[in-house]
There are 2 protein chains.
Amino acid sequence: MLNKVKEFRDKANITQEQLAKKLRVSRQTIISIEAGRYNPSLILAFKISKVFCKQIEDIFIFSELEGEVKDE
Amino acid sequence: MLNKVKEFRDKANITQEQLAKKLRVSRQTIISIEAGRYNPSLILAFKISKVFCKQIEDIFIFSELEGEVKDE
DNA sequence: ATGTTATGTAAGGCTAACTTGACATCGGAA
DNA sequence: TTCCGATGTCAAGTTAGCCTTACATAACAT
């Protein structure tokens, strides 16, 4: 799952540490998410989208590759 | 985090097992999410929203209680 | 009465999503 | 040059989101 966290963080002109504080998570978590090492929990995704005043779908890009929905 | 999975599943008139199959998860996972025992991963939340043709925000209700964003 | 379908609970195991702490690098300011 | 702020890596630990298996119950049809 791709995400635009770093992009929006840069636009907001805040550091990883400042963002971590806002979200009440560790800086490591921000680094790992920005680097795409793992995906945030749904709750954290909500908080991130709130910080940047966006929809979750605007920040996190669900690729069709990572699990198609069975049509049946 | 509250969710409307059961509500939308009932509207779609499908069983837990059918939904599980579509999402490629176990029935237990559906039960636990509907019962609110835990939140889905972000990826699963995306898949669920896709099945019901909704936005994540339409199905999962982020309560202010579960972690406010620090304004500073 | 018996079987089937849908839902639910319980227990145990695995991995992903977090944490903390220690240390490395690189660019810009004093 | 030295220092400091911002970013990043590595390692080791905890917890939450999944899994499978097995069993319970209630509704409903045969």
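Convention: sequence-line order gives letters A, B, ...; per-chain numbering from 1.
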Measure [atom1]/[X] against [atom2]/[N] and give the value in whole Å, please.
X     : N      : atom1 : atom2 : answer
B:N13 : C:dT5  : CG    : P     : 16 Å
A:R9  : D:dG8  : CZ    : C1'   : 12 Å
B:I31 : D:dA22 : CD1   : P     : 16 Å
B:E17 : D:dC19 : CD    : C1'   : 15 Å
B:K21 : C:dT5  : NZ    : C1'   : 13 Å

Query raised in the report: Quick one: does B:Q18's side chain have a donor or acceptor within less than 3.5 Å of a partner on B:T15's backbone?
Result: yes
Query raised in the report: Hey, what bend do you get for the helix from C:dA1-D:dT30 to C:dC26-D:dG5 if you fit axes on five pairs at each end, rounded to 10°?
Result: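 Rounded value for the end-axis angle: 30°.
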**Report entry** Set of residues satisfying ring pair (Phe, Tyr, Trp, His ring centres under 6.0 Å) with respect to A:F46, sequence neighbours excluded
**Finding:** B:F62
Query - Smallest separation among heavy atoms of B:N3 and B:I33, with atom names - result: ND2-O, 2.9 Å
Report task. Taking atom CD of A:Q55 as the centre, report whether more than 12 heavy atoms of other residues, nucleotides or ligands fall under 6.0 Å from it. Result ->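 Above 12, so yes.
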Report task. Check whether more than 12 heavy atoms from other residues, nucleotides or ligands sit under 6.0 Å from atom CD of A:E57, and answer yes or no. Result -> yes
Query raised in the report: Quick one: do the A:T29 and A:S32 side chains pair a donor with an acceptor below 3.5 Å?
Result: no
Query raised in the report: Given B:F60, which of B:L2, B:N39, B:V5 fulfils the side-chain contact (heavy atoms from CB on, under 4.5 Å) condition?
Result: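 Option passing the side-chain contact (heavy atoms from CB on, under 4.5 Å) with B:F60: B:V5.
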Requested in this report: Summarise how protein sits on nucleotides 13-19 of chain C as a single string, 5' to 3': B when a protein heavy atom is under 4.0 Å from the base, S for sugar-phosphate-only contact, - for no contact.
Outcome: ----SBB
Query raised in the report: With B:E7, which of B:R9, B:K4, B:K11 fulfils salt bridge (charged side-chain N to carboxylate O under 4.0 Å, His left out)?
Result: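 Result: among B:R9, B:K4, B:K11, B:K11 is the only option passing the salt bridge (charged side-chain N to carboxylate O under 4.0 Å, His left out) with B:E7.
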